[in-house]
Number of protein chains: 2
Amino acid sequence: MKKCAGKFAHNGCEKTALMAVKDSLDVLSGSWKLPILVSLANGPKRFNQISKEVEGISDKMLSKELKDLEQNHLITRSVQDTFPPTVMYDVTEHAETLDKVIKELRDWGIIHRKKIIG
Amino acid sequence: MKKCAGKFAHNGCEKTALMAVKDSLDVLSGSWKLPILVSLANGPKRFNQISKEVEGISDKMLSKELKDLEQNHLITRSVQDTFPPTVMYDVTEHAETLDKVIKELRDWGIIHRKKIIG
DNA sequence: TATATTACTAACCTTTTGGTTAGCGCTTAC
DNA sequence: GTAAGCGCTAACCAAAAGGTTAGTAATATA
């Protein structure tokens with residue numbers, strides 16, 4: 001048994017805990033991942049639909065972020081080879097496990113904004 | 001009353017929720033913020049002590065990150081004008097409200113790693 | 001006298017991130 | 001015939017993030 005004297009003690013003060021936090025941040029950070037996930041959480045969508053819903057994102061970034069999210073098993077991509085091509089994106093069940101994380105990030109964001117701006 | 005049909009529905013599907021999440025990520029993202037906070041959570045420390053504990057960080061980054069954290073009221077900085085100068089950093093009470101966020105990020109990080117690597 | 005010490009900062013460079021434009025291939029609509 | 005539509009990708013740039021090195025102040029020690 002190791003003593004954890006820190007103020008985040010129950011979060012574990014060992015390196016593995018820090019690594020796990022870093023893993024999460026790596027997946028979620030950047031301006032676009034969460035907005036895309038939220039957009040898809042409201043229903044499966046095609047590339048151009050997402051592009052319209054997620055304001056300000058460029059084609060290049062959307063393409064890249066969708067790839068990242070797929071690699072992390074947070075969304076699925078399904079192609080029908082019609083012409084013009086139709087590609088559907090949808091969130092996975094794994095993405096739904098992000099629920100609590102998003103909730104805490106949102107809650108703390110609100111607390112923090114009050115603290116800083118007043 | 002607005003309907004929220006999405007899979008993250010209880011997180012709010014409105015823009016304010018997304019903004020709050022973004023606020024949190026802006027404060028926490030990057031490689032160093034959380035490691036520094038965790039290091040300080042185990043007790044107040046001086047610049048060089050943090051530099052040794054947070055592996056791999058450069059003086060320049062440490063200096064910058066400490067400034068950011070101070071601006072966000074997550075740490076305090078206190079100087080004694082001895083020679084050589086002594087500067088103490090400590091976490092604030094506000095930083096302790098990050099507790100649940102860190103816990104969820106850690107938990108999800110572990111879930112996610114299992115999912116991806118197996 | 002020379003050197004180490006602290007908490008940085010300035011100057012310089014590389015890497016990563018992200019934006020912009022143009023274009024592809026094939027079909028449908030004008 | 002030609003223009004628009006889809007889901008990208010390549011080429012090119014600008015900005016941001018982050019690393020490395022050197023240097024500063026006044027004192028204490030070798």
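Within every chain, numbering begins at 1; the chains are lettered A, B, ... in the order of the sequence lines, protein sequences first and strands thereafter.
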Nearest whole angstrom, please: distance from the [atom2] of [N] to the [atom1] of [X].
X       : N      : atom1 : atom2 : value
A:Gln49 : D:dC8  : CD    : C1'   : 16 Å
B:Ile36 : D:dG18 : CD1   : P     : 11 Å
B:Ile50 : C:dA7  : CD1   : C1'   : 11 Å
B:Met88 : C:dA7  : CE    : C1'   : 14 Å

*Side chain of B:Trp32 only, please: which of C:dG19, D:dC8, D:dG19 is the nearest?*
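Side chain of B:Trp32 sits closest to D:dG19.
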*Below 4.0 Å: OP1/OP2 of D:dG7 and any side-chain N or O of A:Arg46*: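 Yes, within the criterion.
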*Does B:Tyr89 make a side-chain N or O approach to OP1 or OP2 of C:dT6 shorter than 4.0 Å?*
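Checking B:Tyr89 against C:dT6: no side-chain N or O falls below 4.0 Å of OP1 or OP2.
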*asked:* Regarding B:Asp99 and B:Lys103, does a basic nitrogen lie under 4.0 Å from an acidic carboxylate oxygen?
replied: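 No, B:Asp99 and B:Lys103 are not salt-bridged.
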*asked:* As an exercise, state the distance from CG of A:Leu62 to CD of A:Glu53, rounded to the nearest 0.5 Å.
replied: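 Taking CG in A:Leu62 and CD in A:Glu53, the distance rounds to 11.5 Å.
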*Measuring from B:His112:NE2 to B:Ile117:CD1, what's the distance to the nearest 0.5 Å?*
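Nearest 0.5 Å value for the NE2-CD1 distance: 8.5 Å.
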*For DNA chain D, which residues in residues 51-65 of chain B have a heavy atom at a distance below 4.0 Å?*
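Residues of residues 51-65 of chain B that come under 4.0 Å of DNA chain D are, in numerical order, B:Ser58, B:Lys60, B:Met61.
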*Check each of A:Leu98, A:Thr97, A:Val91 against A:His94 using the side-chain contact (heavy atoms from CB on, under 4.5 Å) test, and report the only one that passes.*
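Between A:His94 and the candidates, side-chain contact (heavy atoms from CB on, under 4.5 Å) is satisfied uniquely by A:Thr97.
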*ring pair (Phe, Tyr, Trp, His ring centres under 6.0 Å): which pairs involve residues 41-87 of chain A, sequence neighbours left out?*
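Of all non-adjacent pairs touching residues 41-87 of chain A, none passes ring pair (Phe, Tyr, Trp, His ring centres under 6.0 Å).
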*asked:* Can you pull out the residues from residues 67-85 of chain B that lie within a 4.0 Å heavy-atom distance of DNA chain C?
replied: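 Contacting residues: B:Lys67, B:Arg77, B:Pro84, B:Pro85.
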*In terms of hydrophobic clusters joined by side-chain contacts under 4.5 Å, are A:Ile111 and B:Leu28 together?*
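As far as the 4.5 Å side-chain criterion goes, B:Leu28 and A:Ile111 are not connected within one cluster.
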*asked:* Is there a path of hydrophobic side-chain contacts, each under 4.5 Å between heavy atoms, that joins A:Ile110 and A:Leu34?
replied: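 No, it is not one cluster - the side chains of A:Ile110 and A:Leu34 are not joined through contacts under 4.5 Å.
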*Hey, is the main chain of B:Leu25 close enough, under 3.5 Å, to the side chain of B:Ser29 for a donor-acceptor pair?*
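Checking the backbone N and O of B:Leu25 against the side chain of B:Ser29, a donor-acceptor pair under 3.5 Å is found.
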